[in-house]
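See structure below.
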Number of protein chains: 2
Amino acid sequence: MAPRADKPTTTMADVARRAGTSTAVVSYVMNDGPRAVAAATRERVLAAAAELGYRPNRIARALRSRTTGVVGLILADSPNPYFGDLARHVERTLDERDRLVLIGNAGYSAERQRRLVDRFLAAQVDALVIVSADGGEDVTPQAEAAGVPIVYVHHGPDGGRAPLVEADNRHAAQEAVTHLRGHGHARVAFLSGPHDGGPVGRRRAAWQALAGDDPDALLLRCAYTRADADALIRRLVADDAVPRALVTATDEQAIGILSGAWACGLAVPDELALISLDGTPESAHTAPALTVTRQPLRAMAEHAVELVFDPAFQPPAAHAPLVVRRSCGC
Amino acid sequence: MAPRADKPTTTMADVARRAGTSTAVVSYVMNDGPRAVAAATRERVLAAAAELGYRPNRIARALRSRTTGVVGLILADSPNPYFGDLARHVERTLDERDRLVLIGNAGYSAERQRRLVDRFLAAQVDALVIVSADGGEDVTPQAEAAGVPIVYVHHGPDGGRAPLVEADNRHAAQEAVTHLRGHGHARVAFLSGPHDGGPVGRRRAAWQALAGDDPDALLLRCAYTRADADALIRRLVADDAVPRALVTATDEQAIGILSGAWACGLAVPDELALISLDGTPESAHTAPALTVTRQPLRAMAEHAVELVFDPAFQPPAAHAPLVVRRSCGC
DNA sequence: CTGAAAGCGCTTACAG
DNA sequence: CTGAAAGCGCTTACAG
């Protein structure tokens, strides 16, 4: 890194000297506590600070007070807008509470995730929020060893001790299947992920319970990317194996399906009715617009942050409402 | 914030004691310098550190060494995938250099941007990377007062002193217009932003220079959101004022156009040929797939980071290649 | 209500 | 090659 030009930083001692008081008092007025300061003294301190352009050094504060005001946020896969949207809400909520956020992308790698946790702990974060997915391992022991609270969002490791904030995925999948049934589709296929643990697993299980005779014949899989879903639907068209109705586990997959379908001249919703279970903002402006069950990303983020501040907080169930648009055939 | 459980953190002094040496030596082995350590001593220190599970405290290190290893990254608008992709590349590049990144979203607000800069400076970031857009003001004076290097990406304030990393937007717009001309469209419209300073302004200017007689009649404007572009194209269809060929300043707008066009039964590319000037990953999987000039986001991010480490670095021109897909009519 | 001083966990001259 | 010690800029008992 380019060495920072060595600006003479003005410190509390400078302010104290100018205000004719001690650093203790300066600290008390900068922090509004923990002890009271006479009004006249406070004025002098504020004036001195303003004249000198004093800015408290958060690093020094952190070393002494053992709290940095920084939260680490680790994403399973930041290119995926679902995680990106979740991250934005977490970041905004934390910002409102005057916390800074250190961000990292685990890229579906347990090793990278562990490494990020290590580095964030070394940076003395006050808490860790992990927006996880299949494949991440439990980092609770790491965090606990450092005495740092941790909360998982969207997906948590099996049998993990850390709290998990998740939407009602079971109900969402049921609603999607039921809606497609209402359009007269007796057989509704499901596009799952490569392994589907956690939330996607619960979505798939809920679908499966309603799928009828031979769910295996109606279960599709591909990675959580547009490219993979695009390739999948092209293959199905080529094989003349396209289902009449499909629920996708994620928006990324639904968007890939739409793209591949257009390329093959497969009409959505007329030849293929589609509902996606994420409902990120992107889903509102596809061609055609996607009917979705919308994950309550904002509420999930807020609950996660609340949990960071208050481990006793009991997040209410977060419902994922059905949002009817065009892709289902309505 | 929930008070962190007061784990007894093990410090350098603990390691030194156990290894029968001084904290200075422990520091030298943990940092591989700046002074040499006898092999035998080094082994003892490493063993002691491992046995005690010692993790260096970056905050203490930062206070003493005046360098945190943290870079602040401020985004003009994080929901916009263009900025999001840029951010990911910046984050990854910084991660490769073992830097941590503090992230913030300015949301097109100069006031929020200033506030973030203040807070990041208080956190003693080593540098600031600002992915800016119309409306941000120049925060160079703030950063300079703190002696912190700053680099703008995508868009920089008018007359700013800080370095700016930007693609060749003029050439990109020219290529797009020329390609559409090649499809026989004499009149090519342009969808710009609300104000279009900076990069979008240069895109629009390059288009305008080729637009022919009455550019005003072919110049459209809307916000950089899918929703706005969606609404715009519906209005144009209703008014029977849809151009035959259109270049959009951004992918968000192009995606909104596709969505609105589908809803109105306007066929792309048959009735409306379209090229977008961003070329984010999203553009590859729309319906139809967008022909774009692809901004070299990865190169831009790498150049920006290089500039943070070496202010003398001269970023090479970053070309935005034409990527032909379906929306242009090819 | 206020001041003098210790100490957070490191790094780095200074001295050997 | 190594140790004893100062000091980064704060916060917070301790003493008045």
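Below, chains carry the letters A, B, ... as their sequence lines are ordered, and counting in each starts from 1.
Taking atom CE of A:M30 as the reference point, atom P of D:dC10 lies 9 Å away to the nearest angstrom. Atom P of nucleotide D:dG9 and atom CG of A:N31 are separated by 17 Å, given to the nearest angstrom.
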side-chain contact (heavy atoms from CB on, under 4.5 Å) assessment of B:R55 paired with A:L121:
CA-CA 9 Å; B:R55 326 249 22 149; A:L121 290 175; over 6 Å; no
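A donor-acceptor contact under 3.5 angstrom links the side chains of A:D138 and A:Y152, judged on distance only. Side chains of B:T67 and B:D126: a donor on one and an acceptor on the other come within 3.5 Å. A donor-acceptor contact under 3.5 angstrom links the side chains of B:Y82 and B:Q295, judged on distance only.
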With B for base contact, S for sugar-phosphate-only contact and - for none (protein heavy atoms under 4.0 Å), nucleotides 2-8 of chain C reads BBBBBBB
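Residues A:D98 and B:R119 are paired through a salt bridge, judged by an N-O separation under 4.0 Å between the basic side chain and the carboxylate. With respect to the salt-bridge test (charged N to carboxylate O, under 4.0 angstrom), the residues B:D95 and B:R88 do not qualify. Ion pairing between A:D14 and A:R17 holds under the 4.0 Å rule for side-chain N and carboxylate O. Of the charged side-chain nitrogens involved, at least one lies within less than 4.0 Å of a carboxylate oxygen, so that B:R97 and B:E306 count as a salt-bridged pair.
Residues from residues 47-54 of chain B with heavy atoms under 4.0 angstrom of DNA chain D: there are none.
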Nucleotide pairing, DNA chain D (Watson-Crick or G-U, distances under 3.5 Å), in dot-bracket with [ ] and |
|||.||||||||.|||
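Listed here is the closest heavy atom pair of B:V165 and B:M300: CG1-O, 3.5 Å. Residues B:V37 and B:T41 come closest through the heavy atom pair CG1-CB, 3.8 Å.
As rounded to the nearest Å, C:dG16 and C:dT12 have C1' atoms that lie 16 Å from one another.
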